[in-house]
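Values reported hereafter were calculated over all heavy atoms of this structure, with side chains retained and with hydrogens, waters and symmetry mates removed. Keep in mind that what you see is a predicted model, and the values were worked out from it rather than measured.
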Amino acid sequence: MLRPRIPVNPLPTGILTPLAQPTTTTEPHHDITPAPCNHDHTPTSVTPSRTSVQLTPGSAVALAAGGGAVVLVVGTVLVSMLLAVAITGVSIALIAVVLRLLIRDMQKDR
């Protein structure tokens with residue numbers, strides 16, 4: 001069916017980077033010997049790190065105040081947007097009524 005293709009992306013310098021091709025080696029390298037190391041390989045005890053956040057009473061109050069401020073700001077923005085839409089709708093409706101009356105008055109004079 002459809003096969004995804006990864007495009008070759010040009011760098012900003014204009015040098016094209018080709019896709020990476022896997023390389024295979026058919027011949028093992030037996031002449032390489034690992035160098036001995038001079039350190040101890042016994043596992044050491046790791047102290048567990050605390051991943052939980054502890055809140056002090058002051059930071060809890062600050063967090064609650066910050067959350068309340070965010071709620072108030074977002075609420076104010078949303079209410080003002082709703083009010084702007086409502087005012088626009090009312091003004092368009094008023095303009096439509098006035099235009100309808102003017103057109104009717106113009107047709108009456110004929």
Side-chain angles (χ1 to χ4, degrees):
M1 296 219 27
L2 299 173
R3 279 190 236 160
R5 290 186 175 181
I6 301 172
V8 177
N9 294 327
L11 294 175
T13 58
I15 301 170
L16 293 178
T17 306
L19 294 175
Q21 299 294 330
T23 58
T24 59
T25 56
T26 57
E27 181 176 316
H29 299 283
H30 294 292
D31 56 344
I32 299 174
T33 58
C37 57
N38 298 328
H39 59 274
D40 187 20
H41 286 277
T42 58
T44 59
S45 64
V46 178
T47 59
S49 63
R50 297 179 110 176
T51 58
S52 63
V53 178
Q54 289 187 344
L55 293 176
T56 61
S59 62
V61 169
L63 185 64
V70 167
V71 167
L72 287 176
V73 168
V74 170
T76 303
V77 169
L78 291 177
V79 166
S80 64
M81 288 172 60
L82 180 65
L83 188 61
V85 169
I87 290 172
T88 304
V90 167
S91 63
I92 289 174
L94 186 63
I95 289 171
V97 167
V98 169
L99 285 176
R100 185 176 174 195
L101 290 174
L102 286 175
I103 290 172
R104 186 181 293 169
D105 191 38
M106 287 173 51
Q107 288 177 348
K108 229 188 232 187
D109 289 340
R110 283 187 175 184

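Distance check, rounded to the nearest 0.5 Å: CD1 of I87 to CG of L82 gives 10.0 Å. To the nearest 0.5 Å, atoms CG (L63) and OG1 (T56) are separated by 10.5 Å. Rounding to the nearest 0.5 Å gives a distance of 10.0 Å between CG of L94 and CG of L99.
A 4.5 Å side-chain heavy-atom check between V85 and M81 finds every atom pair outside the cut-off.
Linking Ile, Leu, Val, Met, Phe, Trp and Tyr whenever their side-chain heavy atoms come within less than 4.5 Å leaves L83 and V74 in two separate clusters.
Residues passing the side chain to side chain contact (heavy atoms under 4.5 Å, CB included) test with V90: none are found, sequence neighbours excluded.
If you check the side chains of S91 and T88, you find no donor sitting under 3.5 Å from an acceptor.
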